Amino acid sequence: MSYRESLTKYIANFVNQLYVSGVRNVVISPGSRSTPLSLTFAEYDRFQLWVDIDERSAAFFALGMAKETREPVVLVCTSGTAAANYYPAIIEAHYSRIPLIVLTADRPHELREVGAPQTINQLKIFGDYPKWFHEMALPSATVEMLRYARNQAKRAIQTALRPNCGVVHLNFPLREPLVPDFTLQDIWGEEEKSLTLRAVSQLSQPNVELLIDKLKNKKRGILVCGPQDRTELGSAIVDLAEAWGIPIFADPLSLLRNGKHSNKWIVEGYDAILKSKAVRDLLELDFIIRFGAMPVSKAYLQLLQEKQGIEHIVVEEGEGYREPVGVPTHFLNHCDGVHLCRDLASYPIKIDEKWSANWRKWNTYTKEVLMEKQDRLTEGLAVIGIQQTIPDHTVLFASNSMPIRDVDTFWFSNQQLVKVLANRGANGIDGIISTALGISATDKHTTLLIGDVSFLHSLNGLLLAKNYRLNLTIVLINNNGGGIFSFLPQAKDKSKHYELLFGTPQDIDIQKLAAAYDASYEKPENWTNYVRALENSYQRGGLTIVEVETDRTENVSWHQQKWDLIKQYLLHELEGSDDVL
Ligand SMILES: Cc1ncc(C[n+]2csc(CCOP(=O)(O)OP(=O)(O)O)c2C)c(N)n1
């Protein structure tokens, strides 16, 4: 058998098995060494292929698709630094537990470390971030080696999807000639359809009772739901809250702030409520049960830091140690949250009714303060405008820095069928546009809320919007620099280095950029025009950039004013009461 025939059958069997195992989307960046892979994916004709010339953007695009579909997405690139450009998205996928299959083409062994062009050490190039790295064998088409190729494909998918979901990296040494021969017969081989079944992990009855015992006589509890991606877990938490009459701190990425479920126990204003240390000091908290990752809110983290004596229970659907403040914690590993909620709901835990009623009252007041409208646009109002106009069955993607924090503060619980997503694994401001476009590529019109620095950082992603005519509404908060740093101490003394090192204004004309990418562009000056611009973008589809110009210093005082009002109200409530809460 010729080398070309072996190459063709080996890669074709591998590709065919990826499809059989459930892969539907493949993101390819151009290059020569990856020719056997990219041509075979194209020839197979059943994948949705996406081509992106920038590997950093391609990897974030794949991440966005996998985030929304929760199915593994395949990445293909050539040898050399192409692979290294995948690194940031691989880190994000690792920490946010997103399944990705990374296929890198490489020179064969005889061409490594001998000065061959475009050859770097690709073995374990992504360190410990992938769950599994494997250097594939050189192509061969014996029965055993075709079975091997299929098995690696199947195992890659299984591994990426097994909790915690994550990244698999397969490196392919490939010799020339690199062009497969698709005129050959029977290249795709026999499909392997054996089952992969997963058992559900449920706490035993004695273990549930052990947990309940820890909560005996604890009357002031909170359920917390951080970032997580199971709708059914959200509903189970709501049912548990109803059974116990206990408040829920719902992170914007918990899937709990939107949807048809009851929002009676949802406290979405907890970040604003907990901002003041004086307020936190007056709260006597007994226990927390947390589902999902750590919430976005820094005030929540501070609360935890200060309440070391509480019973703190963290539920991990997979495994992990996501407890950054060092509070003594009961970890429930490999524990299905839905079953746990049902099990716990059958025990009559007595929550202090006043405690729960107060949280609902404080939340209502906090929302009133935060919702207050004015005609002049602010960064908070930009979020409220999106919530008012965004259509059902679409996604809001919040960039890091202030956008996700503003969404935490100003995205109130509602009945809308809208999903809120963000890259909170590593909190990078890189690849944001491409991640949002990856979500949009799953047929969901996506609204991206982003600051100007993150926008310019990930600008290359816009090529995907242009080339694939994807539906993306970008709300670009342009405060000409990194607004988040204005909340830091170094901003206060107006140090002479501040603008150079933190403010970093770039003075870019966004309208000209929009034109380069064929995007519709609007720059509303007030609330009414802003809402209209958003509505127009949803009706029109395609790529729209809505630029909202704000001022970094004014933004800080606007936020501070709201927090002060809320603090004064709460101190009055808590200090005026005979009960210590
Ligand atoms: C890849 C990466 N580089 C740097 C940072 C540090 N960083 C956090 S926020 C920020 C500024 C973001 O500015 P912008 O996107 O305009 O949002 P704003 O702060 O104005 O809300 C930077 C540089 C980061 N998180 N990720």
Side-chain angles (χ1 to χ4, degrees), residues 54-57 59-61 63-64 84-96 129 227 252 271 294 296-298 324 377-386 396-411 422-436 447-462 474-492 497-510 513 523 545-560 562:
D54 171 356
E55 288 81 7
R56 182 174 74 160
S57 159
F60 276 107
F61 183 68
L63 176 91
N85 276 278
Y86 284 161
Y87 216 139
I90 286 175
I91 294 173
E92 176 61 30
H94 166 77
Y95 285 112
S96 52
Y129 288 106
D271 178 68
M294 269 299 281
V296 168
S297 164
K298 186 175 172 192
L377 280 174
T378 60
E379 300 190 10
L381 279 184
V383 178
I384 295 176
I386 296 172
L396 167 64
F397 189 76
S399 179
N400 286 313
S401 204
M402 285 310 285
I404 185 62
R405 291 182 172 80
D406 281 330
V407 167
D408 194 7
T409 310
F410 297 97
W411 188 268
N423 281 348
R424 291 305 284 177
N427 303 2
I429 58 158
D430 43 352
I432 298 292
I433 292 180
S434 304
T435 312
T447 305
L448 168 62
L449 180 69
I450 189 168
D452 53 292
V453 175
S454 315
F455 176 83
L456 295 171
H457 201 294
S458 57
L459 192 64
N460 245 4
L462 287 183
I474 299 180
V475 175
L476 171 55
I477 306 293
N478 193 354
N479 50 28
N480 201 18
I484 196 165
F485 301 128
S486 302
F487 291 87
L488 298 181
Q490 59 266 49
K492 289 203 180 82
H497 305 301
Y498 182 80
E499 279 303 287
L500 174 72
L501 299 177
F502 303 98
T504 59
Q506 303 295 311
D507 300 306
I508 294 288
D509 184 337
I510 303 296
L513 287 181
K523 188 174 179 182
I545 299 174
V546 179
E547 182 179 0
V548 176
E549 196 175 293
T550 60
D551 177 274
R552 285 187 254 135
T553 312
E554 275 178 25
N555 184 46
V556 174
S557 41
W558 185 81
H559 278 85
Q560 198 55 56
K562 302 253 174 217

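In this text the structure is predicted, and so the values were computed from the model without any measurement. Because only heavy atoms are used, hydrogens play no part in the values below, and waters and symmetry mates are left out as well, while side chains stay in. Sequence positions, counted from 1, serve as the residue numbers for this chain. Just follow the structure's listing: the first ligand is 1, and inside any ligand the first atom is 1.
Taking only nitrogen or oxygen atoms, main chain and side chain alike, Gly483 reaches within less than 3.5 Å of ligand 1. At under 3.5 Å, a nitrogen or oxygen of Ile429, whether backbone or side chain, sits near a nitrogen or oxygen of ligand 1. The distance criterion of under 3.5 Å between nitrogen or oxygen atoms is not met by His457 with respect to ligand 1. Distances between N or O atoms of Ser401 and those of ligand 1 include at least one value under 3.5 Å. For Gly481, a nitrogen or oxygen atom sits less than 3.5 Å from a nitrogen or oxygen atom of ligand 1, counting backbone and side chain alike. For ligand 1, one of its N or O atoms has an N or O atom of Asn479 under 3.5 Å away.
One distance of note links CD1 of Ile432 with CG of Asn400; it measures 5.0 Å at 0.5 Å rounding. Remark: Arg405 CZ to Asp271 CG distance equals 9.0 Å, nearest 0.5 Å. One finds the NZ atom of Lys562 at 12.0 Å from the OG atom of Ser557 (value rounded to the nearest 0.5 Å). Rounding to the nearest 0.5 Å places CD1 of Ile477 at 8.5 Å from CG of Asn555. Rounding to the nearest 0.5 Å gives a distance of 12.0 Å between OG of Ser401 and NE2 of His457.
From the protein, the heavy atom lying nearest to atom 15 (O) of ligand 1 is Ser454 OG, 2.5 Å. Atom 6 (C) of ligand 1 has Phe485 CZ, 4.5 Å as its closest protein atom, hydrogens excluded (heavy atom only).
Of all heavy-atom pairs spanning Ala89 and Leu63, the tightest one is O-CD1, 4.0 Å.
Under a 4.0 angstrom heavy-atom cut-off, Ala426 registers as lying outside contact with ligand 1.
Salt-bridge check for Arg552 with Glu499: passed, with a basic side-chain N closer than 4.0 Å to an acidic carboxylate O.
Heavy-atom proximity to Asn427, at under 4.0 Å, picks out these atoms of ligand 1: 25 (N). Taking every heavy atom of Gly482 and a limit of under 4.0 angstrom, the matching atoms of ligand 1 come to 11 (C), 13 (O), 19 (O), 20 (O). Taking a cut-off of under 4.0 Å to the non-hydrogen atoms of Val453, the atoms of ligand 1 that pass are 12 (C), 13 (O), 14 (P), 15 (O), 16 (O). Residue Met402 has at least one heavy-atom neighbour below 4.0 Å for each of these atoms of ligand 1: 21 (O). Ligand 1 places these atoms under 4.0 Å from at least one heavy atom of Pro403: 21 (O).
Looking only at atom types and distance, the side chain of Ser57 has no donor-acceptor partner in the side chain of Asn460 under 3.5 Å away.
Heavy atoms of Ile484 found under 4.0 angstrom from ligand 1 belong to the backbone as well as the side chain. Neither the backbone nor the side chain of Phe455 has a heavy atom within less than 4.0 Å of ligand 1.
Here the options are Asp507, Thr504, Asp551, the test is side chain to side chain donor-acceptor pair (under 3.5 Å), and the partner is Asn480; only Asp507 passes.
Under the 4.5 Å side-chain criterion, counting only non-hydrogen atoms from C-beta, Ile545 is not in contact with Lys523.
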